[in-house]
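Everything numeric here is computed off the predicted structure, so don't read it as measured data.
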Amino acid sequence: MLNVPSQAFPAPRSQQRVASGGRTKVPLKQGRSLMDWIRLTKSGRDLTGFKGRLIEVTEEELKKHNKKDDCWICIRGFVYNVSSYMEYHPGGEDELMRAAGSDGTDLFNQVHRWVNYESMLKECLVGRMAVKPAVPKDYHEEKRVLNGMLPKSQVTDTPAQEGPSSPSYDWFQTDSLVTIVMYTKQKDISLDSVIVDHQDDSFRAETILKDYSYLIHLGLSHEVQEDFSVRIVENVGKIEIILKKKENTSWKCLGHPLENHNSLIPKKDRGLYYRKCQLISKEDVTHDTKRFCLMLPRSAHLQVPIGQHVYLKLTITGTEIVKPYTPVSDSLLSEFKEPVLPNNKYIYFLIKIYPTGLLTPELDHLQIGDFVSVSNPEGNFKISKLQEVEDLFLLAAGTGFTPMVKILNYALINIPSLRKVKLMFFNKTEDDIIWRSQLEKLALKDKRFDVEFVLSAPTSEWNGRQGYISPALLSEFFKRSLEVSKVFFCICGPVPFTEQGLRFLHDLNFSKDEIHVFTA
């Protein structure tokens with residue numbers, strides 16, 4: 001199958017390539033919104049040219065369809081005729097054309113692999129590529145040794161220089177329990193490295209090992225109860241998942257392998273996995289921002305690492321709509337400590353409701369007890385970046401405040417070297433400031449923390465700073481506590497804001513290694 005070099009997309013001058021690593025949208029013509037596209041797909045119009053008939057597509061055939069009015073693109077083995085979608089694509093026609101007549105999987109993964117293209121382009125499906133991908137060595141009925149340990153020949157081979165050593169797994173049982181043990185051969189494993197979901201007889205456990213994903217995916221041979229526990233033995237990199245049998249009978253085998261079982265691949269190549277979470281509460285935070293609390297299923301274990309985001313998915317008029325959001329703590333004022341055994345069944349979000357938006361009004365209309373699909377975590381922020389930091393500077397605009405919440409709590413609790421945390425928070429009006437009272441109380445409670453609110457459209461009664469992001473504002477507020485202090489910046493907000501902030505910080509002689517830009 002054809003492969004386009006990833007560095008070719010987005011183009012150097014593309015509107016999608018920005019300094020922060022994110023992307024901006026291009027202006028669309030009137031009547032070319034996402035909702036307009038959904039209406040077109042529901043109209044019954046033949047968008048493929050084959051009247052619903054699916055075909056097998058050869059590489060030679062795919063290459064022929066490389067023009068704007070005749071554009072086929074392959075994504076993950078499936079070929080789509082995106083000619084009709086050109087004017088609806090938020091990134092512009094030129095971006096789609098970079099994958100015209102070729103395999104655009106790498107390009108898609110790089111820019112927006114979270115997009116549910118199967119739903120968005122289902123009426124554009126031409127068929128499957130004729131060339132089938134190679135079958136992994138381990139993708140077959142397993143011949144087990146002892147309880148569940150696989151022979152080395154059956155473990156996915158990954159060159160040592162490209163990723164972590166190949167993990168393995170085993171299992172054992174008592175009358176009432178089944179314990180699945182994964183040997184990761186990594187010593188920095190934590191509970192948020194492991195994601196477990198089981199539904200009916202399907203058991204799925206994904207472990208993140210640096211930039212790689214190790215997956216155990218089995219159809220269990222017997223039924224188990226919904227609740228289970230996960231334990232980590234950090235010094236040896238061992239993970240134990242303890243399942244409760246529904247019946248106290250002896251299992252002859254753990255189960256049969258399902259798709260991609262026992263595979264170790266780059267995390268970016270692993271498709272996103274969703275589970276349905278129930279809305280438990282919804283409360284106003286500002287005039288247009290609400291705090292949502294979602295509860296994970298009892299049959300799931302998911303902890304979102306600090307600085308990472310998930311995707312929320314709803315089906316709207318028959319099409320799945322997806323958008324990234326960063327979970328927050330339930331509050332800033334939690335005595336700066338987590339409970340010994342935190343209740344990890346709840347995920348909190350601060351979400352701004354846009355009246356003309358596609359997804360947020362639907363989220364706002366959800367009733368308590370309704371369900372939202374939540375993905376596995378995504379993001380490249382590493383908590384190790386904060387170790388030994390003495391001055392932590394946070395730069396946020398609007399709901400760009402959300403990734404700062406957990407970072408702020410973590411820093412004040414867990415970094416002994418920390419002298420100062422400063423947050424510069426940009427908003428339009430006073431009413432837009434999220435958790436203002438909590439931030440002010442936190443500044444009074446912990447002398448290491450300082451917050452500065454900056455408004456672009458204040459009332460005449462506002463006595464604080466006003467204006468927009470500028471080198472003068474940043475240089476005055478973000479000063480090192482000592483001349484040689486180890487500093488770190490986190491920036492999040494609209495793309496123009498993060499681009500300007502990044503440029504101004506570079507002008508102030510802060511290095512790129514001292515700055516992390518959140519793009520979701």
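Ring-centre distance between Trp72 and Tyr80: not below the 6.0 Å cut-off. For an aromatic pair to be called close, the ring centres must be under 6.0 Å apart, and His198 with Phe228 satisfies this. Ring to ring, Phe497 and Phe426 are close: their centroids are under 6.0 angstrom apart. Checked against a 6.0 Å centroid threshold, the rings of His516 and Phe518 count as neighbours.
A donor atom on one side chain and an acceptor atom on the other are found under 3.5 Å apart for Tyr169 and His261. For the residue pair Arg270 and Ser263, a side-chain donor N or O sits within less than 3.5 Å of a side-chain acceptor on the partner. No hydrogens or angles considered: a donor-acceptor pair under 3.5 Å links the side chains of Asp46 and Thr48. Judged by distance alone, the side chains of Gln278 and Asp370 never bring a donor and an acceptor atom under 3.5 Å apart.
Ion pair Lys67/Asp70 not flagged as a salt bridge, since none of the NZ, NE, NH1 or NH2 atoms sits closer than 4.0 Å to an Asp/Glu carboxylate oxygen. Ion pairing between Asp227 and Arg298 holds under the 4.0 Å rule for side-chain N and carboxylate O.
Relative ring orientation between His222 and Trp251 is described as parallel, the plane-to-plane angle staying below 30° on a 0-90° scale split at 30° and 60°.
Annotation: cation-pi geometry not satisfied between Arg76 and Phe108 (NZ/CZ under 6.0 angstrom from ring centroid, within 45° of ring axis).
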- [ ] Please step through side-chain hydrogen bond (donor to acceptor under 3.5 Å, both in side chains) for the pair Thr179 and Glu240, ending with a clear verdict.
- [x] CA-CA 6 Å; Thr179 301; Glu240 295 182 348; over 6 Å; no
Task: Ile180 vs Leu243, side chain to side chain contact (heavy atoms under 4.5 Å, CB included): CA-CA, chis, key distance, verdict - done: CA-CA 8 Å; Ile180 300 173; Leu243 307 175; 4.1 Å; yes
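A distance-only check finds no donor-acceptor pair linking the side chain of Gln303 to the backbone of Leu191 [under 3.5 Å].
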